[in-house]
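Okay, so here's the structure we're looking at.
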Amino acid sequence: MPYIPNTDADRSEMLELLGLKRTEDIFDVIPGHVRLDGDLKLPEGMPESELVEYFDYLGAANHVFPARRILAGGGVYAHFIPPVVKELAHRSEMYSSYTPYQPEVSQGMLQAIFEYQSFVCLLTGMDASNASSYDGATALMDAVLMAHNITRKSRILLPRFLNPQFRGVIEANNLGMQLELMTLPVDSKGVLERDALSKELTTDDVAALVLQIPNYLGFYEEGIRELVKLAHDAGALVIMSMYPFVVGVTCTPGELGADIVVAEGQPLGLPPSYGGPNLGCLATKMKHIRQLPGRIVGKTPAAFDREGFVMTLQAREQHIRREKAASNICTNQALAALQATIYLSVIGKDGFHKIARKCEENAHYAAEQLAAVEGLHPAYPVRAFFNEFAVVFDDPARLVPVRQTLLARDWLAGVPLEDSFRELAGGMLLAFTELQTREIIDEFVRDLKEALNG
Amino acid sequence: MAKLIFEKSRAGSKRYDVADFTGLEPESPFVPEDIRRTGPLPLPEVAEVDVVRHYTALSRNNFGVDVGFYPLGSCTMKYNPKVNEEIASLPEWAQLHPEQPVETTQGALLLMHELQYMLAEISGMRAVSLQPAAGAHGELTGMLMFRAYFNDVGEARKVMIVPDSSHGTNPASATIAGFKVVHLESDERGMVTVKALKALCEKHGEGNIGGIMMTNPNTLGVFEQEVKEVAEYLHSIGALLYYDGANLNASLGYVRPGDMGFDQVHFNLHKTFSTPHGGGGPGSGPVGVCEKLKPFLPYPIVERTDSGFGFHRPEKSIGRMKLYFGNFLVLVKALVYLRALGREGLKRVAENAVLNANYIQERLKDAYDIPYYQRCMHEFVLSAARQKKLGVRALDIAKKLLNDGFHAPTIYFPLIVPEAMMIEPTETESRETLDAFCDAMLRYAREIEEDPEKFKELPNLRIQHLDEVAAARNPVVRWVPEQSKRE
Ligand SMILES: Cc1ncc(COP(=O)(O)O)c(C=O)c1O
């Protein structure tokens, strides 16, 4: 049997010590009326050679787009991952370990998490990060719950153009949290309505204003600093959800006044992976660290005048506090955090800023080229954006066939918007990373024109 | 402590090239001025070879299953087959974008459909959602579904029962889902009894009881003898039963939660199905449910359609628990493992896991107290209470094991055993390894009686006695760049 090292001889000697004859007898304490009678209806096992073949066969039913022809984002992006990242993150001393509860033999993982927390603090402009949440959406849910616990208030203001899956996760969890979720409206230019926000804030029961940078449609909310001030003046906290690379060109959320920051960390060295595993980044200011859910690693003195790392502030966690814990999280996304840490170390200061600039430049170049294409228009023309923007087909019915034609030319073109935003029927969200060149974008624009005219 | 990657930074030592890069002005022309970045972030600049040495050094300073025996109770630290990793990293899986139309991801959907089916069959459930990211996330999903179910039938049941031996995530999950948690005392065998349960339910009003969260075998490694009767009683008062699947390794192919009467289960794919723990994650915690809870499952679920496979939203779905379709690459690894073992292999897993645990228990039973001594399943809990009287705690024994090249068992859990050491060897360990561990533990028992103070010396551990109190009192949780230190 694969992966079971004991021989028949081992087993019979072990059974003898227990006073048993056959291996199945080991289960004789299980009451007969709950035992499975017969066999599971499952296939037989396979040798590795057949396994590999079987999964090749399954994999062949997928189509893998070349990364630079993926012009879709919406939360998951096809950035380039230097091969050294996978090689290092795959060291099995790391991936075959459990959560580092025994610091004496886990300094490697603990230090890596400490470095991860430091990177997250640098990118978010916060003082303290947890060791990871499941993904950006659950991190936002954690942040919302945190804001509720800190302020003891129950209203949460969500922006209209929040990633719809993030919104979905908050809504599902709200079955238990029972908070009052409000969506802030936008005007015809896509700008959050300041008056509506002010009005919501007069009631003094708002726990948090949530902002996404850039928002789901790729553009920056107008007057972010004023929005933050309005919320703070009303005693609400500000939660920002950010695309990790955006801070290569903007101030950090901390510099903009955020109290809690979340991010989907997948762009930091994780492949798209059909949407998971991802990486939930969650960080806050020092004064809220005791409300921060999840594991946290800290540096501390050790014997012989040395220093080391431990998991700290465990009094917040479920294994100590049980029903009074800050959160129920146990297993997190540690290996994804390690991978992001290695990725950020590999691209370094130079790479991080170049990648951010190139993503932005590609998107702006593409937007310029598309402005000259007849049959589609930008969703909101004058908004400043990062690496993603929404276009709408003049005739909404063209969206499906055009995307289909582009698919046949090996483009994964855009995320359709209508399901989440009814006013954007015939719209799609296009995303760019550092992987495109102007030549590739020109080719895309040509193909799109042909698809529209065909 | 090794230097941090940030402390190895040397200005100009790392250049990273991006194709067709032209953006040369120092500031972005595209960002509104009031939020524009004016100088670079203080990220490290380290040459690739030095990054490689840094993280290689860290990994050499870390204990995993591939390093040695890891009998960490409740965590099922089994060997992680390399074929899982190899297959899951193929571009056919890793490079799929979740926004691809399903016509281009039929292989992934078929894989998920097959895993849904296999997990349902293994657990005796009717339908499975692969979405939750870990065991605790599955619990939360389950508790929200219980809540949705009670809302749907117009009942405001608020109380969730957890046995006193339960894992901390159980009460924490129930609380987040809006239940009030009450603890149920185990009997002298460490088991849940209908008698105690009934008394507790009556005390809180049977009509208020939402249900119970149990694991079986429970966290003492003991098989709950009255589980069927517990289910019958709770169903008779309109409550539901949730099965914490952390301990499923013990019973694969022999007992199914559905047949015991549970309405919902979660699986820990990173435990039972070997998809590594990853130093703390990512895991995966799919949930399986009985017929009446099916309409409440989170979406999307994979279903067969006329033209292949598609995603489906159950009619009264609680919604979405996570981005997209779950921790997909973990699902791939779990299916590779299940396909490798197959029907018979899974039974061998359970048999050998249980045999290995009983073997250790039998060898250690005279040297240590085992408060709930009886036939155990895949794990058992011993107590260092006898050793504590001599001044040596479970913690000290754990550290001695680390000193000697073993990982420690889970300690101080479950809470109902004083000085608990919870030992789970798993099926992937040989008798030789088990013997080496038992020999060490027996030797410790003697050494503790002879000279408890000397026993506590840990000559092989470079880092020891980390000051956890100082860490919590004055948290240092990040590296701070020089320039901000000066500010
Ligand atoms: C008994 C038990 N229940 C639940 C959990 C939580 O599972 P996870 O860590 O996957 O969230 C664990 C994990 O340690 C466990 O041992």
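By convention in this document, chain letters (A, B, ...) are assigned in the order of the sequence lines, proteins followed by strands, and residues within each chain are numbered from 1. Worth saying up front: this structure is predicted, and the values here are computed from it rather than measured.
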Can you tell which of [options] has the highest number of heavy-atom pairs within less than 4.5 Å of chain B?
options                                : answer
A:Ser273, A:Gly351, A:Pro271, A:Ala172 : A:Ser273
A:Ile113, A:Leu344, A:Leu145, A:Ile355 : A:Ile355
A:Ile296, A:Thr138, A:Leu17            : A:Leu17
A:Val310, A:Asp10, A:Asp135, A:Val64   : A:Asp135
A:Ala325, A:Ala137, A:Ala72            : A:Ala72
A:His319, A:Lys324, A:His33, A:Glu24   : A:His33

So does [Y] get a backbone contact from the side chain of [X], meaning a donor-acceptor N/O pair under 3.5 Å?
X        : Y        : result
A:Gln107 : B:Asn61  : no
B:Arg478 : A:Gln117 : no
B:Ser59  : A:Met94  : no
B:Glu99  : A:Gly75  : no
B:Lys14  : A:Lys349 : no
A:Lys358 : B:Asp20  : yes
B:Arg348 : A:Ile4   : no

Taking side chain as C-beta onward, heavy atoms only, is [X] less than 4.5 Å from [Y]?
X        : Y        : result
A:Ser118 : B:Leu4   : no
A:Leu175 : B:Asn151 : yes
B:Arg462 : A:Arg306 : yes

Please flag which part of [X] lies under 4.5 Å from any non-hydrogen atom of chain A: side chain, backbone, both or neither.
X        : value
B:Tyr254 : both
B:Ser28  : both
B:Lys399 : side chain
B:Pro42  : both
B:Asn268 : neither
B:Met118 : both
B:Ile122 : both
B:Tyr79  : side chain
B:Leu72  : side chain
B:His167 : both
B:Ser89  : both
B:Arg431 : both
B:Tyr70  : side chain
B:Leu41  : both

So for [X], is it side chain, backbone, both, or neither that comes closer than 4.5 Å to the heavy atoms of chain B?
X        : result
A:Ile70  : side chain
A:Val76  : both
A:Ile289 : side chain
A:Ile30  : both
A:Glu222 : neither
A:Arg35  : both
A:Gln178 : neither
A:Ser132 : neither
A:Lys86  : side chain
A:Ile320 : neither
A:Leu412 : side chain
A:Leu88  : side chain
A:Ser96  : both
A:Asp56  : side chain

(message) Before you tell me yes or no, could you show the steps for B:Glu85 and A:Tyr95 under side chain to side chain contact (heavy atoms under 4.5 Å, CB included), namely the whole-Å CA-CA distance, both residues' side-chain angles and the distance that decides it to 0.1 Å?
(response) CA-CA 10 Å; B:Glu85 299 298 318; A:Tyr95 79 62; 3.6 Å; yes
Work out which heavy atom in [X] is nearest to a heavy atom in [Y]; give both atom names and the distance.
X        : Y        : value
B:His97  : A:Gly73  : CE1-O, 3.6 Å
A:Leu51  : B:Val336 : CD2-O, 3.6 Å
A:Leu256 : B:Ile35  : CD2-CG2, 3.6 Å

(request) Could you tell me which of B:Asp17, B:Asp259, B:Thr56 has the largest number of non-hydrogen atom pairs under 4.5 Å with chain A? (result)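 Looking at each option in turn, the highest pair count goes to B:Thr56.
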(request) Starting from the C-alpha separation in whole Å, work towards a yes-or-no answer on ring-ring contact (aromatic ring centres under 6.0 Å, His included) for A:Tyr134 and B:His137. (result) CA-CA 9 Å; A:Tyr134 303 131; B:His137 203 214; 4.5 Å; yes
(request) Give the ring-plane orientation class for B:Phe6 versus A:Phe119, where under 30° counts as parallel, over 60° as perpendicular and anything between as tilted. (result)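 Taking A:Phe119 first and then B:Phe6, their aromatic rings sit tilted (interplane angle of 30° to 60°).
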(request) Classify the ring geometry between A:Phe55 and B:Trp93 as parallel (under 30°), tilted (30 to 60°) or perpendicular (over 60°). (result)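 Answer is perpendicular, since the angle exceeds 60°.
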(message) I'd like to know if the side chain of B:Lys322 pairs up with that of A:Gln165 as donor and acceptor (distance under 3.5 Å, no hydrogens or angles considered).
(response)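 Checked: B:Lys322/A:Gln165 side chains show no N/O donor-acceptor pair below 3.5 Å.
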(request) Classify the side-chain pair A:Ser92/B:Asp66 by whether it contains a donor and acceptor separated by less than 3.5 Å. (result)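 Distance-only check passes for A:Ser92 and B:Asp66.
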(message) Under the rule for side chain to side chain contact (heavy atoms under 4.5 Å, CB included), what residues qualify as partners of B:Thr105, not counting sequence neighbours?
(response)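 B:Thr105: side chain to side chain contact (heavy atoms under 4.5 Å, CB included) contacts with A:Asn62, A:Tyr274, B:Leu96, B:Gln100, B:Val102, B:Ala108, B:Leu109.
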(message) Between B:Glu351 and A:Arg11 (salt bridge meaning N to carboxylate O under 4.0 Å), is one present in this structure?
(response)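 Salt bridge absent between B:Glu351 and A:Arg11.
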(request) Kindly check if the number of other-residue, nucleotide or ligand heavy atoms within 6.0 Å of CD (B:Glu86) is above 12? (result)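 Counting neighbours around CD of B:Glu86, 12 or fewer heavy atoms of other residues, nucleotides or ligands fall under 6.0 Å, so no.
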(request) Verify the neighbour count for atom CZ of A:Arg225: are there more than 12 heavy atoms of other residues, nucleotides or ligands below 6.0 Å? (result)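 Buried by this count: over 12 neighbours within 6.0 Å.
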(request) Identify, with sequence neighbours excluded, every residue that meets salt bridge (charged side-chain N to carboxylate O under 4.0 Å, His left out) alongside A:Glu115. (result)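 If we apply the salt bridge (charged side-chain N to carboxylate O under 4.0 Å, His left out) test to A:Glu115, skipping adjacent residues, there are no hits.
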